[in-house]
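None of the values given here were measured: they were computed from a predicted structure. Per chain, numbering begins at 1; letters A, B, ... match sequence-line order.
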There are 2 protein chains.
Amino acid sequence: MSEPGLACCTPLTGTPMSAEQAEQVAPLLKALADPVRLRLVSLIAASAGGEACVCDLNDAFDLTQATISHHLKVLHSAGLLDRDKRGVWVFYAVRPEAMTAVATLFDTTGRTTLALTPA
Amino acid sequence: MSEPGLACCTPLTGTPMSAEQAEQVAPLLKALADPVRLRLVSLIAASAGGEACVCDLNDAFDLTQATISHHLKVLHSAGLLDRDKRGVWVFYAVRPEAMTAVATLFDTTGRTTLALTPA
DNA sequence: TCAGGACATCGACGGACGTCGATGTCTGAA
DNA sequence: TTCAGACATCGACGTCCGTCGATGTCCTGA
C-alpha cells in the first residue's frame, strides 16, 4: 500500500521469472483481476481526455459509492491509476507506463524492462 | 471450472468493456495474479519444448506437491495450460492462444478479437 | 500379482477479499 | 459561518483463496 516502486516487467516467456520478480508483478495483476476494476480501467481509458470523474464512474455501476471508492483505491495503490482532485471532484486517469509494463509481461517478441512507480 | 470457452479479448483501452466481457476476462487474470502461478507459467514457457514435467516443477518451489498440483489445476482450468499425461509423468504446456488473448487485452495498437477455450 | 512412485483429490485451517451502511473530511456556495 | 454535496475511511459480514497433511488413483517394473 506504501511500498516504493520497483523494476517491472520482463516478458513472462523466455527466461524463468525469479521469486522476487513474481512477488512484484502479482499485485499488479491482482489489482486487475476483478470484473469491476477491469471495467473501471476500461471506462477511464475510454473517457474523453483519458480521465474520468468519480461521480460519473459511480453511475456506471450498481454498487455503493464506498465500494467504487475502494476499487479505485486498489487500482491507485497498485500504480495503475493517477489521482487528481479538482475542487469538489476527483479525476482518475490510467497511467500509460503501468499498462505498458503489464503488456510487456505478455509480449512474446520484445525484451524491454520497464519501471513502474505506484502511488 | 467446466464452462465453455467464450470470445476474449478486445483491448482494455479504446471502447468501454461490457460487464459480461469483464466477467469472462477476470478469471484469466485471477489465475495469473499469484506469484507461484506466475513463476509456474514462466518456468513452463522457458522449458525445453515449451513444456515441463510436474516432477521438475515440484522441485523448483518450497511448497507441498499438493499445493503445486492445485496451482496447476487453476491454470489449466482457466485455459492457460495444456495437460498431457505420458506414462507416469504429467507434462504441462503454455497455450499460446491464451497468452495472446491476455496480451491483446493490454495492446494499445491492435484491435484483434481472439477466442480462448478453457480445459 | 504386488509394491512403489507420480500425481490428483479431500477436508480443514487462517488470512485476504468484495461489499455494505455509517461516519468523517474537505470544498464551494449561500 | 453554515450547509450541502463529493469522496474517503471505518468496522463488520460472508465468501473465496492459498496452504497443508492425509488419502485416493493410476501406471510401471519386478
Quick one: label A:Y92 by what it contacts on the DNA or RNA (base, sugar-phosphate, nothing), any heavy atom closer than 4.0 Å.
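Answer is sugar-phosphate: A:Y92 comes under 4.0 Å of backbone atoms only.
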
Could you check how far [atom1] of [X] sits from [atom2] of [N], rounded to whole Å?
X     : N      : atom1 : atom2 : value
A:L57 : D:dA6  : CG    : P     : 14 Å
B:L32 : D:dG18 : CG    : C1'   : 16 Å
B:I68 : C:dC7  : CD1   : P     : 12 Å
A:L72 : D:dA6  : CG    : C1'   : 13 Å

B:L105 versus B:V25, closest heavy-atom pair with distance
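In terms of heavy atoms, the two residues are closest at CD1-CG1, 3.1 Å.
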
So which heavy atom on B:H76 is nearest to which on B:L81, and how close?
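That would be ND1-O, 2.9 Å.
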
So does A:Q21 get a backbone contact from the side chain of A:S18, meaning a donor-acceptor N/O pair under 3.5 Å?
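Yes; judged by distance alone, with no hydrogens or angles, the pair exists.
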
Any donor-acceptor pair under 3.5 Å linking the side chain of A:S42 with the backbone of A:L38?
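No: the side chain of A:S42 does not pair with the backbone of A:L38.
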
What's the separation between atom CZ in B:R37 and atom CD1 in B:I68, rounded to the nearest 0.5 Å?
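Between B:R37 CZ and B:I68 CD1, I get 11.0 Å after rounding to 0.5 Å.
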
Can you tell me if the side-chain N/O atoms of B:R83 get under 4.0 Å from OP1 or OP2 in C:dC7?
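So the side-chain polar atoms of B:R83 never come under 4.0 Å of the phosphate oxygens OP1 or OP2 of C:dC7.
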
Between B:K73 and C:dT9, is there a contact of a side-chain N or O with OP1 or OP2 at under 4.0 Å?
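It does, given that an N or O in the side chain of B:K73 lies less than 4.0 Å from OP1 or OP2 of C:dT9.
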
If the plane angle is over 60° it's perpendicular, under 30° parallel, otherwise tilted; pick one for B:F106 and A:F106.
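Rings of B:F106 and A:F106: parallel, under 30°.
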
Summary of protein contacts for nucleotides 17-30 of chain C, nucleotide by nucleotide, where a base hit scores B, a sugar-phosphate-only hit scores S (4.0 Å, heavy atoms):
SSBBBB----SS--

